[in-house]
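Chain letters run A, B, ... following the sequence lines, proteins first and then strands; every chain starts at 1.
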Amino acid sequence: MNIFLPSGDKLEIENGATAFDVANTISKGLAKNALAAEINGNLVDIYAPVGDNDKVRIITDKDTEALEILRHSTAHLMAQAVQRLFKNAKVTIGPVIKDGFYYDFDMGDDKFSPEDLEKIEKEMAKIASEALPCKRRVVSIDDAKKEFSHEKYKIELIEGIAEKGDKTVSLYDQGDFTDLCRGPHLDNTKRIKHYKLLSIAGAYWRGDENNKMLQRIYGTSWFKKEELDAYLNMLEEAKKRDHRKLGKQLKLFTIEDEVGAGFPIYLPRGGALRATLEEFERKEHLKRGYDIVYGPQILKQDLWKLSGHYDNYRENMYFTSIDDVAFGVKPMNCLSHMMVFKSEIRSYRDLPQRYFELGTVHRHEKSGVLHGLMRVRAFTQDDAHILCTPEQLNDEIIAIIDFVNYVMGIFGFEYEIEVSTRPEKYIGSLENWDKATEALFNALKAKGLPYEINEGDGAFYGPKIDIKLKDAIGRFWQCATIQADFNLPERFDLNYIGEDGQKHRPIMLHRVILGSVDRFIGVLTEHFAGNFPIWISPVQVRVINITDAQLDYCKELTAKLKAEGFRVDTDFRNEKIGFKIREAQMEKIPHMLIIGQNEADNKKVSVRLRSGETKNELDFSDYISVLRESDQNKTLNLWR
RNA sequence: GCUGGUGUAGCUCAAUCGGUAGAGCAACUGACUUGUAAUCAGUAGGUUGAGGGUUCAAGUCCUUUCACCAGCUCCA
């Protein structure tokens with residue numbers, strides 16, 4: 001019979017051959033490295049049979065699929081080790097995730113301890129050295145249920161498969177361990193060599209908080225030792241960039257027990273950074289035709305009932321009362337903005353109306369989710385609401401996407417786009433939801449931007465485009481979001497007078513660019529590892545003298561820089577220059593002006609950059625123009 | 001909220017079996033006046049997250065609670 005290779009070449013091979021035979025026919029070397037195969041687009045084991053006219057691709061450790069297969073097999077290896085060591089451990093599921101895998105176990109009343117990870121790793125090494133072949137078996141649903149009669153979670157999974165209409169399931173045997181699994185797998189446990197179990201955590205069965213909490217073990221696995229080491233090293237490096245650690249070191253913010261969990265306090269350095277960011281935002285919004293507005297922190301509960309927040313968002317809100325009238329602390333800024341629109345009769349000529357507010361909101365987040373500045377209970381959004389006509393909707397969405405792109409470009413962020421559709425809890429008509437969702441898709445298509453769809457993850461009042469930024473450890477954080485809303489204008493009975501003299505309903509866009517300013521600062525900190533670009537750096541320049549003899553000149557320079565609006569501080573302590581440089585370096589200050597007698601005599605400045613590079617004996621006017629350029633161009637470079 | 005772990009000086013961390021709470025850095029004082037990542041000496045700093053209990057004796061054991069860390073669920 002004949003099979004086809006990825007190159008399109010035809011290969012003649014004996015009837016009944018397996019993918020391994022294909023590899024072996026091509027070359028001995030390939031056969032040695034062959035881990036799995038892709039037959040007609042489906043991933044299969046290396047010993048899977050091939051049929052006439054099949055398209056066959058041999059997978060080796062060079063292919064991306066191979067890592068996933070390795071990790072999946074490592075998860076099985078770990079489950080086997082766990083069941084050898086813990087007789088009452090029930091297996092559930094063990095999928096591959098980014099950079100690794102996990103496996104969930106029901107341990108009954110037992111718990112894993114951190115020391116258990118080492119024991120399990122040792123047992124895994126033992127099983128790997130036993131060189132157990134991993135063999136696939138296909139059995140009927142009934143037989144599978146008999147075989148797993150003692151594993152209730154597997155029974156549940158098998159029943160789920162049966163419900164989908166499948167008559168058989170595949171099982172993988174390796175020695176004394178059998179798992180229900182679609183595969184494919186590596187052919188032998190001895191191929192699993194470079195792995196590490198990373199952490200233990202609880203996880204609900206099937207991700208549902210009403211279900212039992214299982215014990216999860218996370219791990220990673222690689223083909224080469226160097227790859228494993230590099231990955232573990234990367235995790236260490238990422239820890240150093242953690243904004244909570246850097247936030248403390250660089251004195252950006254603090255979260256105190258006495259104040260309350262999830263309520264950050266900005267220290268002067270963090271305050272300087274944040275103020276700069278907010279000033280930048282105000283300017284950019286004014287450039288783009290937004291008006292700045294302000295609303296109160298608490299609004300009457302009745303208004304939250306009208307908006308639907310009371311019915312749909314109450315668990316996340318804080319309430320209080322004033323003279324027996326119920327009020328709610330705002331978790332969102334939209335209500336005030338609705339009232340801004342209603343404050344006048346609007347003509348179609350007035351639209352679009354764009355209201356911008358750096359609005360601080362409070363949300364009751366569950367205690368377990370709080371995380372530095374990334375997840376807090378009080379945060380400030382760079383929030384805006386745009387009210388426009390249906391005809392203007394598409395252009396408005398596109399303008400927001402351009403805005404987001406401009407801002408992310410300044411920081412050099414990578415991001416991913418998701419469209420979140422109607423959730424289970426929603427307000428308004430299906431027709432409006434369809435229109436709103438359509439509008440978002442159209443704008444993304446018009447910009448030719450790639451996106452993923454996140455079913456059922458929209459806000460209760462409308463679908464949204466989410467922009468997610470990547471943090472130091474590769475986690476994604478939602479920052480910008482654009483939400484189309486046909487519902488709130490209806491609930492608040494917003495109208496404008498059209499060309500025809502009749503009342504019409506505007507459409508509302510909710511949108512944020514940075515999202516939460518607080519979260520954005522957290523992401524920024526990790527992104528730059530605390531080495532902020534000059535324009536946003538809390539301290540831009542530190543003036544350092546060599547001896548007291550240069551004090552007057554140093555003070556003169558400092559005053560001039562301050563007068564120009566730069567963030568300058570000084571270190572005139574009676575310490576050696578090396579010591580003062582070291583401190584400035586650890587504080588990640590971009591520019592140090594090192595002023596000795598030479599500089600004072602000749603009225604020059606010498607600059608040491610955060611990179612260690614020096615620019616000696618410059619005219620002050622030249623130096624200040626460098627700073628001005630950095631501020632104006634928002635450059636990521638330390639010099640020009 | 002749930003599961004597991006961790007809370008010791010401003011920061012980073014010690015303290016063996018339950019037996020006198022300690023170091024480095026920072027702070028403060030003094031000397032040194034210094035040229036590109038740590039000058040030297042001295043002083044002070046604590047109800048061991050908080051409450052309750054066991055014990056002759058608790059940082060250490062038990063218990064309640066708060067916070068933090070990892071993850072789950074949820075989310076900007």
If I pick the [atom1] atom on [M] and the same atom on [N], what distance separates them, to the nearest angstrom?
| N | M | atom1 | result |
| --- | --- | --- | --- |
| A14(B) | A9(B) | C1' | 13 Å |
| G45(B) | C2(B) | C1' | 40 Å |
| U73(B) | C13(B) | P | 30 Å |
| C62(B) | U55(B) | P | 16 Å |
| A15(B) | C74(B) | C1' | 41 Å |
| G52(B) | A41(B) | P | 44 Å |
| G49(B) | U8(B) | P | 6 Å |
| G18(B) | G59(B) | C1' | 11 Å |

Indicate, with a heavy-atom threshold strictly under 4.0 Å, whether [X] touches base, sugar-phosphate, or nothing.
| X | result |
| --- | --- |
| Asn616(A) | base |
| Gly368(A) | base |
| Ile581(A) | base |
| Val361(A) | nothing |
| Phe579(A) | sugar-phosphate |
| Gln483(A) | nothing |
| Gln249(A) | nothing |
| Gln585(A) | base |
| Gly578(A) | sugar-phosphate |
| Phe520(A) | nothing |
| Leu370(A) | sugar-phosphate |
| Lys464(A) | sugar-phosphate |
| Asn598(A) | base |

Is the closest side-chain donor-acceptor distance between [X] and [Y] under 3.5 Å?
| X | Y | value |
| --- | --- | --- |
| Ser537(A) | Arg610(A) | no |
| Gln483(A) | Thr481(A) | yes |
| Asp99(A) | Tyr218(A) | no |

*asked:* Closest-nucleotide mapping onto RNA chain B: is Arg216(A) or Arg363(A) further toward the 5' terminus? I mean the 5' end.
replied: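 Final value for this comparison: Arg216(A).
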*Identify, between Val369(A) and Glu365(A), the residue whose nearest nucleotide on RNA chain B lies closer to the 5' end.*
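First, find each residue's nearest nucleotide; the 5'-ward one identifies Val369(A).
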Just how far, in rounded Å, is [atom2] of [N] from [atom1] of [X]?
| X | N | atom1 | atom2 | answer |
| --- | --- | --- | --- | --- |
| Arg377(A) | C66(B) | CZ | C1' | 12 Å |
| Leu277(A) | A76(B) | CG | P | 19 Å |
| Asp257(A) | A50(B) | CG | P | 11 Å |
| Tyr415(A) | A76(B) | OH | P | 19 Å |
| Met213(A) | G4(B) | CE | P | 8 Å |

*Looking at Met374(A) and Gly522(A), what are the two nearest heavy atoms and their distance?*
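Closest approach of Met374(A) to Gly522(A): CE-C, 3.7 Å.
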_Arg519(A) to Arg375(A) - nearest heavy-atom pair and separation_ =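 Smallest interatomic distance, heavy atoms only, reads NH2-CD, 3.3 Å.
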*asked:* Angle between ring planes, Tyr623(A) versus Phe620(A), binned at 30° and 60°: parallel, tilted or perpendicular?
replied: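 Judged by the thresholds at 30° and 60°, the geometry between Tyr623(A) and Phe620(A) is tilted.
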*Using the six-membered ring wherever Trp is involved, compare the ring planes of Phe520(A) and Phe413(A) and label them parallel, tilted or perpendicular (cut-offs 30° and 60°).*
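Answer is perpendicular, since the angle exceeds 60°.
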Name all residues meeting the side-chain hydrogen bond (donor to acceptor under 3.5 Å, both in side chains) criterion together with [X]; count only those two or more places apart in sequence or in a different chain, and write none if there are none.
| X | answer |
| --- | --- |
| Asp619(A) | Lys604(A) |
| Asn333(A) | Lys330(A), Gln381(A), Asp383(A) |
| Lys251(A) | none |

Listed nucleotide nearest any side-chain atom of [X], set [options]:
| X | options | result |
| --- | --- | --- |
| Arg582(A) | A38(B), A70(B), G1(B) | A38(B) |
| Ser199(A) | A70(B), U39(B), G71(B) | A70(B) |
| Asp457(A) | C75(B), A38(B), U3(B) | C75(B) |
| Arg244(A) | A67(B), U73(B), C69(B) | C69(B) |
| Arg608(A) | A37(B), A67(B), C11(B) | A37(B) |
| Lys248(A) | U73(B), G71(B), U12(B) | U12(B) |

*asked:* Any heavy-atom pair between the side chains of Tyr310(A) and Met317(A) that's under 4.5 Å?
replied: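 Heavy-atom side-chain distance check fails, nothing below 4.5 Å.
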Looking at [N], I'd like to know if its phosphate oxygens (OP1 or OP2) sit under 4.0 Å from a side-chain N or O belonging to [X].
| X | N | answer |
| --- | --- | --- |
| Tyr313(A) | A76(B) | no |
| Thr481(A) | A76(B) | no |
| His371(A) | A70(B) | yes |

*Charged tip of Arg288(A) within 45° of Tyr406(A) ring normal and under 6.0 Å*: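 Ring-cation test returns yes.
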*asked:* Any carboxylate oxygen within less than 4.0 angstrom of a Lys/Arg side-chain nitrogen, looking at Arg274(A) and Asp518(A)?
replied: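 Asp518(A) and Arg274(A): salt-bridged.
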*Taking Watson-Crick and G-U wobble pairs with both distances under 3.5 Å, convert RNA chain B into its dot-bracket string, 5' to 3', dots for unpaired and | for cross-strand pairs.*
(((((((..((((.....[..)))).(((((.......))))).....(((((..]....))))))))))))....
Could a donor-acceptor pair under 3.5 angstrom be found where the side chain of [X] meets the base of [N]?
| X | N | answer |
| --- | --- | --- |
| Gln550(A) | G35(B) | no |
| Arg375(A) | C74(B) | yes |
| Tyr204(A) | G1(B) | yes |

Could you pull out the protein-nucleic contacts involving nucleotides 27-33 of chain B (nitrogen or oxygen on both sides, under 3.5 Å)?
| from | atom 1 | to | atom 2 | distance (Å) |
| --- | --- | --- | --- | --- |
| C32(B) | N4 | Asn574(A) | ND2 | 2.4 |
| U33(B) | O2 | Asp548(A) | N | 3.4 |
| U33(B) | N3 | Asp548(A) | OD2 | 3.0 |
| U33(B) | O4 | Asp548(A) | OD2 | 3.2 |
| U33(B) | O4 | Asn574(A) | ND2 | 3.1 |

*Does C56(B) fall in syn (glycosidic angle within 90° of 0) or anti?*
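Here the answer is anti: the torsion falls beyond 90° from 0.
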*Could you pull out all residues at least two apart from Glu118(A) that satisfy salt bridge (charged side-chain N to carboxylate O under 4.0 Å, His left out)?*
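Glu118(A) satisfies salt bridge (charged side-chain N to carboxylate O under 4.0 Å, His left out) with no residue once adjacent residues are dropped.
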